[in-house]
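What follows is a single structure, written as structure tokens, with notes after it.
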Amino acid sequence: FLYALCTINNPGELLNFMLDMVQRGCPPDVLTLNTVIHGLCKASRVDEAKKILDDMKIGNVCTPDVITFSTVIRGLSDLGWLDEAFDILHEMQQRGYSPNVLTYNAIIHGLCKAQKIDKAFEVIDEMECNGLRPDSVTYTAIIDGLCETAQLQKALSFWHGIVKPSRNHDDFIYTSLLRGMCKAGEFVEARNILDGVLKDGFAPGIVTYNVLIDGACELGLKMEAYDILNQMRENNLTPD
RNA sequence: CAUAUGGUC
């Protein structure tokens, strides 16, 4: 049943199905509602998602949990409605819910996409005050935001200063960084970073190589592109 | 391994 809800990425059907349940005297549980809310958010129908959340808060149905709030925050962030996202964040805190890393990451991601990097750093401070450590998802959002706002130097120092020492880096982070460097025309430097990552024993995935090949092509570095392709094969990756 | 967050296309 839940699988069905996930697969139907059709908000209308989703809502109908849920109403159907209610009418048959099957009150949806929090998991069900979270799934529905997620579906609504994905379809950018955050208003309706918020309505369900309101119902839950009033106590008409079951009680929302951290995931419920996080999901709505994500939906709002993705639409760039950051003020509203913060409203929900504060509200959940007032109600005694503790946002977790995923909650914060959702809002940080939204801030970075909106190029409000300073604000994003403030949120990181807040989460650290609450005893939460930023994880690799947090870092990816930040690096991505810095690159998109042409603050490559900051991205690099963030990488060297914070991310690498935290030993919390993965494919996503350095791929984001490498993409920013390619876009800035720093292909050679990007390769240096990649080599460093390889030396540290990390195995970049296909997307990492795709980004570099794309970067090389954009910069007219045909030989470099082939070179990367060969390196990919050496690492037992099949180009997609 | 029942629901929420990040990278290329």
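Throughout, a chain's letter reflects where its sequence line sits, starting with A, and its residues are numbered from 1. No hydrogens, no waters, no symmetry mates; every other heavy atom, side chains included, goes into these values.
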- Item | Derivation and outcome, salt bridge (Lys or Arg N to Asp or Glu O under 4.0 Å), residues Glu148(A) and Lys183(A) | CA-CA 9 Å; Glu148(A) 289 295 323; Lys183(A) 276 179 130 178; 3.4 Å; yes

| said: Working note: Val207(A) + Asp171(A), criterion side chain to side chain contact (heavy atoms under 4.5 Å, CB included); need CA distance, chi angles, decisive distance, verdict. | reply: CA-CA 8 Å; Val207(A) 175; Asp171(A) 259 27; over 6 Å; no

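- Just one residue in the list Ile124(A), Val101(A), Asn168(A), Val163(A) forms a side chain to side chain contact (heavy atoms under 4.5 Å, CB included) with Pro134(A), and that residue is Ile124(A).
- As rounded to whole Å, 14 Å separates atom C1' of A4(B) from atom CG of Leu40(A).
- Heavy atoms of Val211(A) sit under 4.0 angstrom from primed sugar atoms or phosphate atoms, though from no base atom.
- Remark: Ser136(A), Val137(A), Thr140(A) in residues 122-161 of chain A come within less than 4.0 Å of RNA chain B through at least one heavy atom.
- Between Leu14(A) and Thr35(A), every side-chain heavy-atom pair lies at or beyond the 4.5 Å cut-off.
- Here the P atom of nucleotide A4(B) and the CD1 atom of Ile108(A) are 19 Å apart, to the nearest Å.
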Q. Do Arg24(A) and Asp20(A) pass the salt bridge (Lys or Arg N to Asp or Glu O under 4.0 Å) test, and can you show the C-alpha distance, the side-chain angles, and the key distance before you say yes or no?
A. CA-CA 6 Å; Arg24(A) 290 175 192 212; Asp20(A) 225 47; 3.3 Å; yes

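- Of the candidates U5(B), U3(B), G7(B), G7(B) carries the atom nearest the Lys113(A) side chain, counting heavy atoms from C-beta on.
- By the criterion of side-chain heavy atoms lying less than 4.5 angstrom apart, applied directly or through intervening Ile, Leu, Val, Met, Phe, Trp or Tyr residues, Val211(A) is not grouped with Tyr139(A); the two fall into different hydrophobic clusters.
- The interatomic distance linking Asp78(A) (CG) with A4(B) (C1') rounds to 11 Å, in whole Å.
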Using the rule given for salt bridge (Lys or Arg N to Asp or Glu O under 4.0 Å), can you reason through Lys119(A) versus Glu122(A), listing the C-alpha separation, both sets of side-chain angles and the distance that settles it, and then say yes or no? CA-CA 5 Å; Lys119(A) 188 79 184 162; Glu122(A) 283 175 27; 3.6 Å; yes

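- At the heavy-atom level, Thr32(A) lies nowhere under 4.0 Å from the strands shown.
- Rounded to whole angstrom, the span from the NE2 atom of His109(A) across to the P atom of G7(B) amounts to 5 Å.
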task: List the steps, then state whether salt bridge (Lys or Arg N to Asp or Glu O under 4.0 Å) holds for Asp78(A) with Arg74(A).
output: CA-CA 6 Å; Asp78(A) 279 354; Arg74(A) 155 95 201 278; 2.8 Å; yes

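- To the nearest angstrom, P of A4(B) lies 19 Å from CD1 of Ile107(A).
- Contact check on Asp47(A) versus Lys50(A) returns no salt bridge, with no Lys/Arg side-chain nitrogen under 4.0 Å from an Asp/Glu carboxylate oxygen.
- Asn34(A) and Thr68(A) share a donor-acceptor pair across their side chains, judged by distance under 3.5 Å alone.
- Rounded to whole Å, the P atom of U5(B) lies 13 Å from the corresponding atom of C1(B).
- Shortest non-hydrogen contact noted between Ala155(A) and Ile143(A) is O-CD1, 3.9 Å.
- A heavy atom closer than 4.0 Å to some atom of RNA chain B occurs in Asp170(A), Asp171(A), Phe172(A), Ile173(A), Thr175(A), Ser176(A), Arg179(A), these being the qualifying members of residues 167-194 of chain A.
- For RNA chain B, the residues of residues 59-72 of chain A within the heavy-atom distance limit of 4.0 Å (strictly under) are Ile67(A), Ser70(A), Thr71(A), sorted by number.
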